[in-house]
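The block underneath contains the structure these notes are about, expressed in structure tokens.
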2 protein chains.
Amino acid sequence: MDGDGEVGSARQAAEDGLVVTFGRLLGVANRLEYLVGRALEQECGISHLMYEVLLILGRAGGPGLSMSAIGRAQVLTTGGVTRLIDRMEAAGLVERAEDPGDRRGRLVRLTPLGEQTAVRATRLHRDNLRRLLADRLPAEHWDRFAEDVRVLSRAVEKEVPRLR
Amino acid sequence: MDGDGEVGSARQAAEDGLVVTFGRLLGVANRLEYLVGRALEQECGISHLMYEVLLILGRAGGPGLSMSAIGRAQVLTTGGVTRLIDRMEAAGLVERAEDPGDRRGRLVRLTPLGEQTAVRATRLHRDNLRRLLADRLPAEHWDRFAEDVRVLSRAVEKEVPRLR
DNA sequence: TCGACTTATCTGACATCTCAGTTACTGTTT
DNA sequence: AAACAGTAACTGAGATGTCAGATAAGTCGA
């Protein structure tokens, strides 16, 4: 099929490496999310997804973000965002306000409790990430690794369609 | 708050970088899983998780793997494995057999359809991963990136407790 | 051999997502 | 301004995971 023995099998090995590396990448992501998520849950009473939302709302500041902007930032359908924000609102972390410029939309912003929780969670989260992620790589690899992740992040975001 | 202006904010930035990089890492993993998962779903009728299981069963060969070994390889509780294998068995991809050495356990192995599907899915999967993942990084970065992922994978696996 | 742990899998109850369909509003076109 | 397609958020139904408890079977010391 391939025609050439050695070259073919070398390429085969390289491409299986691609499949395996991707499997490992997902495994690392899932396990890290499990570990830091459990810590956030226990210490701050929030899931990791909620933490990410607190973070982007904090960075956004001002009048807040729309539901769909949150859905685009994380990988969530609008239905998922509605329910996530329902729970965060019930927990007192965020609040919904009317969007004066578009009466269909709602603007989500942090409550004081949400801000406090974000600060407290970030301290914990950083320590965990340093121990679990950054300290595991040779120091001279870390910067390039972070840069590669940034490049991938930009590229892949463009490929994902908006979820309904 | 921190007490020292410039140094404090530089450290702040570096540590926020850790939090942000981790957020991006999860984003990349989720979006890639969404993209390749949708392709596998449409072309081969299996979820990405099912594909990973087909892959490790194929590599294991012989009499197959126990449910708990599958749960450890992926990040799943035993309850999750039971239901995943239920669906895969219903789809004709795998079969459960008695474990002669331990009457509590079941050994899961590929059916011929499962093997065929794994081969077919791998072709598709490789192409997608090359396009979405490997081709996005400068070629000279890829090998080191893959190596870093391998190192992280080994380290993080040890930290995750066995899920019940 | 007996009893106390431990382990492997399964199950019911629940959590949280997606999907598809609804409602309400916006912007555009005629 | 009336019709239309497009967008924002919400909702019921279904998919798929976790958690905790049940059951059966293996292990090991007294």
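Note: hydrogens, waters and symmetry copies are ignored here, and every other heavy atom, side chains too, is used. The chains referred to below are lettered A, B, ... by the order of the sequence lines, with proteins before strands, and numbering in each begins at 1. Small disclaimer: the values here were computed from a predicted structure and weren't measured.
- At a threshold of 4.0 angstrom between heavy atoms, the contacts of Ser47(A) with the nucleic acid are absent.
- Ion pair Asp148(A)/Arg24(B) not flagged as a salt bridge, since none of the NZ, NE, NH1 or NH2 atoms sits closer than 4.0 Å to an Asp/Glu carboxylate oxygen.
- Arg83(A) contributes a side-chain N or O that forms a donor-acceptor pair with the base of dT18(C) under 3.5 Å.
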Q: Might you work through the salt bridge (charged side-chain N to carboxylate O under 4.0 Å, His left out) test for Arg31(A) and Glu159(B), ending with a clear yes or no?
A: CA-CA 9 Å; Arg31(A) 287 180 169 89; Glu159(B) 298 276 348; over 6 Å; no
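- Among the protein residues, Val75(B) comes within range of the sugar-phosphate backbone only, with heavy atoms under 4.0 Å from sugar or phosphate atoms but none that close to a base.
- Between the C1' atom of dC19(C) and the CD atom of Gln42(B) lies a distance of 14 Å, rounded to the nearest Å.
- In summary, Glu41(B) and Arg38(B) do not engage in a salt bridge, as defined by a charged side-chain N under 4.0 Å from a carboxylate O.
- Distances shorter than 4.0 Å separate none of the side-chain N or O atoms of Arg106(A) from OP1 or OP2 on dA8(D).
- Residue-to-nucleotide contacts include a donor-acceptor pair under 3.5 Å from the side chain of Arg104(B) to the base of dT7(C).
- Going from atom CZ of Arg164(B) over to atom P of dT7(C) covers 12 Å, rounded to whole Å.
- Counting non-hydrogen atoms under 4.0 angstrom, Gly79(B) reaches a base of the nucleic acid.
- Proximity of Trp142(A) to Leu18(B): side-chain heavy atoms (C-beta onward) are separated by under 4.5 Å at one or more points.
- Judged purely by atom type and a 3.5 angstrom limit, Thr111(A) uses its side chain to pair as donor or acceptor with the backbone of Gly92(A).
- At least one side-chain nitrogen or oxygen of Thr77(B) sits closer than 4.0 Å to the OP1 or OP2 atom of dT18(D).
- Note: CG (Leu49(B)) to C1' (dT18(D)) measures 14 Å, nearest angstrom.
- Atom CE of Met67(A) and atom C1' of dT11(D) are 12 Å apart (whole Å).
- For the pair Ser66(B) (side chain) and Leu107(B) (backbone), a donor-acceptor distance under 3.5 Å is absent.
- At the heavy-atom level, Ile85(B) lies nowhere under 4.0 Å from the strands shown.
- Two residues, Tyr34(A) and Thr82(A), neighbour DNA chain D, and the one matched to the more 5' nucleotide by heavy-atom proximity is Thr82(A).
- In this model, the phosphate group of dG17(D) is approached by a side-chain N or O of Arg87(B) to a distance below 4.0 Å at OP1 or OP2.
- Mapping Val81(B) and Leu84(A) onto DNA chain C via the closest heavy atom, the residue that lands nearer the 5' end is Val81(B).
- Taking atom CG of residue Leu163(A) and atom P of nucleotide dT7(D), one finds them 15 Å apart after rounding to whole Å.
- Base engagement by Gly80(B) is indicated by at least one non-hydrogen atom pair under 4.0 Å involving a base atom.
- If you check distances only, the side chain of Arg103(B) never reaches the base of dA24(D) with a donor-acceptor pair under 3.5 Å.
- The residue Ser68(B) sits close only to the backbone: its heavy atoms come under 4.0 Å of sugar-phosphate atoms, none of a base.
- When the P atom of dT9(C) is taken as reference, atom CD of Glu98(B) falls 12 Å away, rounded to whole Å.
- Residue Arg38(B) contributes atom CZ, which lies 14 Å from atom C1' of dC19(C) at whole-angstrom precision.
- Taking side-chain N and O atoms only, Arg96(A) has a distance below 4.0 Å to OP1 or OP2 of dC10(D).
- Counting to the nearest Å, the P atom of dC10(D) and the CG atom of Asp99(A) are 13 Å from each other.
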